Participant: 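Sharing a structure, written as C-alpha cells. Questions coming.
Computed from a predicted model, the values in this text were never measured in an experiment.
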Amino acid sequence: LDLKSALAKGELQLHYQPQFHASGRAVGAEALLRWQHPERGMVLPEDFIPVAEESLLIVELGLWVLQTACAQLKAWEAVPACAQLQLAVNVSASQLRENDFPERLAEILRQSGARPSLLKLELTESVVLHDVVDTIAKMEQIKAQGVRFALDDFGTGYSSLAYLTRLPLDQLKIDQSFVRHLGVRATDDVIVQTIIGMAHNLGLELIAEGVETSAQRRRLEGY
C-alpha cells in the first residue's frame, strides 16, 4: 500500500548513473529507481522491487520509469553536452509479458518526443529466457521503432548462448561481480576476456559495470 501511494505522491525518483567511453567521454546514463520514503529515507530498489513484482505493481512502476526517462531524454536535447546521451532503462519480465508493451512504449515515445535511438532497454538473461519466442517477437517490434537493447548482467544467469545470435541485441553488459576481481581472480579475467571476444565477433557493443579503479580500466582496455 505504501509503495502504491508513493507513486501517486511523487516519492519515487530516477537517478542517472553516467556511462563513459574508454576515452573518458560520457556516452550515456543508466536510470536507477529510488524511493524517497517520508519516514525511512532513501529506499533502494532491492528493498521494494520484489514487493512490486509480487503485487504486479511492477508494470505500473515500469511504465512510470519509462515515461520519466523519456521525458528526461527530451529535456537533455536542449543541453548540448547531453543531447546525444543514450539512456538505459531496465525492463522486468512482467513488463515484457504484457501483450501491448511494444504499443505502450511507442505511445510513451510519441508523447514525450524523445528520440527512440537514444533509449536503450536492458533485459537480464532470466527475462529473455522466460519465453524466448515471445521475447524475440516483442524485441523485434520494439527494435522496429528504433529503440536499442542491452543484455544486462551477462554471464551471471542462465546460459543464453544458444539464443544470443537470435536476439536483436545492440550491447552486452559485463556484470560488476567479474569486474570487481579483475587481476585478483584469474577465472574472472578469463570470463571477461571471453565475453569481450564474443561481443566483438557478434558485432555487439560492450559496457562493463562497476569500473571503479584505474587498474580495472587499464585491464579492460588491454583485452
Participant: What heavy-atom pair brings Pro50 and Asp47 nearest, and what distance separates the two atoms?
Facilitator: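 Heavy atoms only, the tightest pair is CD-C, 4.4 Å.
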Participant: For a quick check under 3.5 Å, do Gln17 and His15 share a side-chain donor-acceptor pair by atom type?
Facilitator: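 There is no such pair (donor and acceptor under 3.5 Å, judged by atom type) between the side chains of Gln17 and His15.
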Participant: So do the side chains of Ile196 and His200 get within less than 4.5 Å of each other, counting heavy atoms only?
Facilitator: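 The answer is yes; the side chains approach within 4.5 Å.
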Participant: Counting C-beta onward and ignoring hydrogens, is there a side-chain heavy-atom pair between Glu125 and Phe154 closer than 4.5 Å?
Facilitator: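 Answer yes - side chains close enough.
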Participant: Side-chain contact, heavy-atom cut-off 4.5 Å: Leu204 with Asp170?
Facilitator: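 When only atoms from C-beta onward are counted, Asp170 and Leu204 do not touch, as no gap falls below 4.5 Å.
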Participant: Measuring from Asp152:CG to Asp175:CG, what's the distance to the nearest 0.5 Å?
Facilitator: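 That separation rounds to 7.5 Å.
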Participant: Hey, are the side chains of Gln171 and Phe149 touching, using non-hydrogen atoms and a 4.5 Å cut-off?
Facilitator: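 Side chain of Gln171 against side chain of Phe149, heavy atoms only: no contact under 4.5 Å found.
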Participant: Identify the two heavy atoms, one from Ala88 and one from Glu122, that lie closest to each other, and give their separation to 0.1 Å.
Facilitator: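 Taking Ala88 first and Glu122 second, the nearest heavy atoms are CB-OE2, 3.2 Å.
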Participant: Count I, L, V, M, F, W, Y as connected when their side-chain heavy atoms are under 4.5 Å apart, and connections chain through other members. Are Val127 and Leu32 then in the same cluster?
Facilitator: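 No: no chain of side-chain contacts under 4.5 Å links Val127 to Leu32.
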Participant: Could you pull out the closest heavy-atom pair between Leu33 and Ile49, with the gap in Å?
Facilitator: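 So the two residues come closest at CD2-CD1, 4.1 Å.
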Participant: So Trp35 and Met42, do their side chains get closer than 4.5 Å, heavy atoms only?
Facilitator: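 Met42 does not reach Trp35 side chain to side chain.
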Participant: Can you name the closest pair of heavy atoms from Ala31 and Asn90 and give their distance?
Facilitator: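 So the minimum-distance heavy-atom pair works out to O-ND2, 4.3 Å.
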Participant: For Glu11, is there an ion pair with Arg40 - N to carboxylate O distance below 4.0 angstrom?
Facilitator: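 Judged by the 4.0 Å cut-off on N to carboxylate O distance, Arg40 and Glu11 do not form a salt bridge.
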Participant: Drop me the distance from Leu167's CG to Thr135's OG1, to the nearest 0.5 angstrom.
Facilitator: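 If we round to the nearest 0.5 Å, Leu167:CG and Thr135:OG1 are 8.0 Å apart.
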Participant: Please step through side chain to side chain donor-acceptor pair (under 3.5 Å) for the pair Arg148 and Gln86, ending with a clear verdict.
Facilitator: CA-CA 9 Å; Arg148 306 173 77 249; Gln86 297 176 13; 2.9 Å; yes
Participant: Val132 and Phe101: same hydrophobic cluster, using ILVMFWY side-chain contacts below 4.5 Å?
Facilitator: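 Yes: a chain of side-chain contacts under 4.5 Å links Val132 to Phe101.
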Participant: Answer yes or no: is there a side-chain heavy-atom contact under 4.5 Å between Arg34 and Leu14?
Facilitator: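 A side-chain contact under 4.5 Å is absent here.
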Participant: Measure the spacing between CD1 of Ile207 and CG of Leu220 and express it to the nearest 0.5 Å.
Facilitator: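 If I round to the nearest 0.5 Å, the distance is 11.0 Å.
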Participant: Looking at Ala199 and Leu206, what are the two nearest heavy atoms and their distance?
Facilitator: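 Closest approach of Ala199 to Leu206, heavy atoms only: CB-CD1, 3.7 Å.
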Participant: So that I can tick it off, tell me whether Lys74 and Glu77 are bridged by a salt bridge, with the cut-off set at under 4.0 angstrom between side-chain N and carboxylate O.
Facilitator: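 The answer is yes: the pair qualifies as a salt bridge.
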Participant: Look up atom CG in Leu123 and atom CD in Gln95, then write down how far apart they are to the nearest 0.5 Å.
Facilitator: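 Reported to 0.5 Å precision, the distance equals 9.5 Å.
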Participant: Are the charged groups of Asp189 and Arg185 less than 4.0 angstrom apart, N to O?
Facilitator: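 No, Asp189 and Arg185 are not salt-bridged.
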Participant: Out of curiosity, does Val190 fall in the hydrophobic cluster containing Met198 (side-chain heavy atoms, cut-off under 4.5 Å, transitive links)?
Facilitator: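 No, Met198 does not connect to Val190 through the hydrophobic network.
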Participant: What's the shortest heavy-atom distance between Leu109 and Cys70, and which atoms?
Facilitator: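 Heavy-atom minimum between the residues: CD2-SG, 3.8 Å.
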Participant: Is a side-chain N or O of Arg166 found less than 3.5 angstrom from the main chain of Ile136, in a donor-acceptor match?
Facilitator: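 Side chain of Arg166 to backbone of Ile136: no pair is present.
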Participant: Assess whether side-chain contact (heavy atoms from CB on, under 4.5 Å) is satisfied between Lys138 and Glu98, documenting all intermediate values.
Facilitator: CA-CA 10 Å; Lys138 286 201 173 83; Glu98 293 285 301; 5.9 Å; no
Participant: Test Glu209 against Val179 for side-chain contact (heavy atoms from CB on, under 4.5 Å), laying out the working first.
Facilitator: CA-CA 7 Å; Glu209 297 178 322; Val179 175; 5.6 Å; no
Participant: Measure the OG-CD distance between Ser94 and Glu54 for me, rounded to the nearest 0.5 Å.
Facilitator: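 The CD atom of Glu54 is 11.0 Å from OG of Ser94, to the nearest 0.5 Å.
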Participant: Check whether any side-chain heavy atom of Val89 sits under 4.5 Å from a side-chain heavy atom of Glu30, and report yes or no.
Facilitator: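 No - every pair of side-chain heavy atoms lies 4.5 Å or more apart.
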Participant: Spell out, yes or no, whether Leu118 and Val27 are grouped together once hydrophobic residues are joined by side-chain heavy atoms under 4.5 Å, including indirect joins.
Facilitator: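 In one cluster with Leu118: Val27, no.
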Participant: If hydrophobic clusters are built from ILVMFWY residues whose side chains come within less than 4.5 Å, do Trp64 and Val59 share one?
Facilitator: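 Same hydrophobic cluster.
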Participant: Can you find a pair of side-chain heavy atoms, one from Tyr16 and one from Trp76, that are under 4.5 Å apart?
Facilitator: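 Of all side-chain heavy-atom pairs linking Trp76 with Tyr16, at least one is under 4.5 Å.
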Participant: Please determine whether a side-chain nitrogen of the Lys or Arg among Asp134 and Arg97 lies less than 4.0 Å from a carboxylate oxygen of the Asp or Glu.
Facilitator: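 Looking at Arg97 together with Asp134, the answer is no, because their closest N to O distance does not fall below 4.0 Å.
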Participant: side-chain contact (heavy atoms from CB on, under 4.5 Å) between Leu12 and Gln36: does it pass, once the steps are laid out?
Facilitator: CA-CA 6 Å; Leu12 296 177; Gln36 186 61 51; over 6 Å; no
Participant: Under 4.0 Å between a Lys/Arg side-chain N and an Asp/Glu carboxylate O for Lys4 and Glu60?
Facilitator: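 A salt bridge is present here (some side-chain N lies under 4.0 Å from a carboxylate O).
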Participant: List the steps and the verdict of side-chain contact (heavy atoms from CB on, under 4.5 Å) for Lys120 and Leu87.
Facilitator: CA-CA 6 Å; Lys120 182 170 56 184; Leu87 186 52; over 6 Å; no
Participant: Could you tell me the separation between the CG atom of Leu61 and the CG atom of Leu3, rounded to the nearest 0.5 Å?
Facilitator: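 It comes to 5.0 Å.
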Participant: So does Glu107 pair up with Arg110, basic N to acidic O under 4.0 Å?
Facilitator: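 Salt bridge present between Glu107 and Arg110.
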